[in-house]
Every structure is written in structure tokens, then in C-alpha cells.
Chemist: 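Handing you this structure, nothing more for now.
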Amino acid sequence: MSGTKTIKNNSNVTISVVLRGRKGSDPSGGSLPPVSASIAPEKSATLQYGNDQNPYLNELQVEENSNGSDIRQTYTTTSRGGPGTLDNLFNANSTLTITYNASNYSFALSGQN
């Protein structure tokens with residue numbers, strides 16, 4: 001099914017994610033309505049953000065809220081691209097893995113099939 005991603009939380013805290021698909025193939029063509037999930041530590045969720053006509057992921061927001069902090073990161077594609085680009089990471093992989101590092105309040109993002 002097009003327009004779906006599995007998001008894996010490779011952290012020891014719950015994370016919230018929001019995905020926005022893109023209208024058409026051009027990142028500047030606008031975004032589809034957001035879909036979201038709360039993902040427990042070391043768990044995953046599969047989200048449908050688009051369809052066969054709009055299969056591309058345009059934006060991922062991730063948030064961690066614990067111990068008196070609210071840490072958010074947004075990853076947004078601004079142009080189409082090949083290997084080494086965010087567009088390629090988003091759209092050439094069926095699974096995106098997110099890891100939160102509490103020691104420096106940061107997220108790491110990787111992809112795999």
C-alpha cells in the first residue's frame with residue numbers, strides 16, 4: 001500500500017510522531033492532512049499518510065515529553081533528491097527508525113527496508 005510508513009521507536013522513552021504526505025511529487029505542492037501516533041519505547045507503529053496518487057512523505061515531526069522537558073524536532077523536505085537527501089531517506093525506505101538521546105536532548109533518524 002502506498003503512502004504508509006512504519007515508524008520504530010529505538011528509545012527508552014515514549015515518542016509522539018506526526019507524518020504529512022505531499023500532494024503530488026513536488027515537495028512545494030503542499031501537504032496532505034497530518035496523521036499521528038504515540039509510540040512506546042522499543043515499539044513501532046505503521047501509519048498511512050497518503051495513497052497511490054500521493055505516496056510521498058513530506059514531513060516528520062517527533063516529540064519527547066518527560067522529566068520536565070518537551071523536545072521537538074521537525075524534518076521537512078524542500079526539494080526532490082537522490083541518495084543522501086532527506087527526500088530519499090523518507091521515500092526510499094519503508095521503515096524509519098527514531099532514537100532519542102536524553103544526554104544531549106537530540107533525535108537521530110535512519111531508514112531501512
Chemist: Among Ile39, Leu57, Val17, Thr4, find the one that has a side-chain contact (heavy atoms from CB on, under 4.5 Å) with Leu47.
Modeler: Val17

Chemist: Shortest non-hydrogen contact from Lys8 to Ser44?
Modeler: CA-CB, 3.9 Å

Chemist: Identify, with sequence neighbours excluded, every residue that meets side-chain hydrogen bond (donor to acceptor under 3.5 Å, both in side chains) alongside Ser69.
Modeler: none

Chemist: Tell me every residue that passes side-chain hydrogen bond (donor to acceptor under 3.5 Å, both in side chains) with Thr76, counting only those two or more places apart in sequence or in another chain.
Modeler: Glu59

Chemist: Which residues pass the side-chain contact (heavy atoms from CB on, under 4.5 Å) test with Asn113, not counting sequence neighbours?
Modeler: Asn93, Ser94

Chemist: So which heavy atom on Ser66 is nearest to which on Val13, and how close?
Modeler: OG-CG1, 4.4 Å

Chemist: What are the two closest non-hydrogen atoms of Ser38 and Thr14, and how far apart are they?
Modeler: OG-CG2, 3.3 Å

Chemist: Which residues pass the side-chain hydrogen bond (donor to acceptor under 3.5 Å, both in side chains) test with Thr46, sequence neighbours left out?
Modeler: Thr6

Chemist: Can you list everything that forms a side-chain contact (heavy atoms from CB on, under 4.5 Å) with Asp70? Sequence neighbours excluded, please.
Modeler: Glu63, Asn65, Arg72

Chemist: So how far is it from Ile7 CD1 to Ser36 OG, rounded to the nearest 0.5 Å?
Modeler: 12.0 Å

Chemist: Scan for salt bridge (Lys or Arg N to Asp or Glu O under 4.0 Å) pairs involving residues 21-38, sequence neighbours excluded, and state none if there are none.
Modeler: Arg22-Asp87

Chemist: Sub-3.5 Å donor-acceptor pair from the side chain of Asn10 to the main-chain atoms of Ile98, do we have one?
Modeler: no

Chemist: How close do Leu89 and Gly111 get, heavy atom to heavy atom, and via which atoms?
Modeler: CD1-N, 3.4 Å

Chemist: If you look only at pairs with a residue in residues 99-113, which of them pass as a salt bridge (Lys or Arg N to Asp or Glu O under 4.0 Å), with sequence neighbours excluded?
Modeler: none

Chemist: Could you give the distance from CD (Gln73) to CD1 (Ile15), rounded to the nearest 0.5 Å?
Modeler: 12.0 Å

Chemist: Please list all pairs passing the salt bridge (Lys or Arg N to Asp or Glu O under 4.0 Å) test where one or both residues lie in residues 89-104, with sequence neighbours left out.
Modeler: none

Chemist: When rounded to the nearest 0.5 angstrom, what distance separates OG1 in Thr78 from CG in Leu86?
Modeler: 8.5 Å

Chemist: Please identify each residue that fulfils side-chain contact (heavy atoms from CB on, under 4.5 Å) with Pro34, with sequence neighbours left out.
Modeler: Val18, Arg20

Chemist: Which residues pass the side-chain contact (heavy atoms from CB on, under 4.5 Å) test with Ser110, not counting sequence neighbours?
Modeler: Thr97

Chemist: Using the ring pair (Phe, Tyr, Trp, His ring centres under 6.0 Å) rule, collect all pairs that involve residues 45-103, keeping only residues at least two apart or in two chains.
Modeler: Tyr100-Phe107

Chemist: Measure across Asn91 and Pro55 and return the closest heavy-atom pair with its distance rounded to 0.1 Å.
Modeler: OD1-O, 4.2 Å

Chemist: Quick check: does any side chain N or O of Thr74 sit under 3.5 Å from a backbone N or O of Gln61, one acting as donor and the other as acceptor?
Modeler: no

Chemist: Of all residues at least two apart in sequence or in a different chain, which pass the side-chain hydrogen bond (donor to acceptor under 3.5 Å, both in side chains) check with Ser106?
Modeler: Asn104

Chemist: Are the side chains of Val62 and Glu64 in contact, using a 4.5 Å heavy-atom criterion?
Modeler: no

Chemist: Do Ser11 and Pro41 come close enough that some side-chain heavy atom pair is under 4.5 Å?
Modeler: no

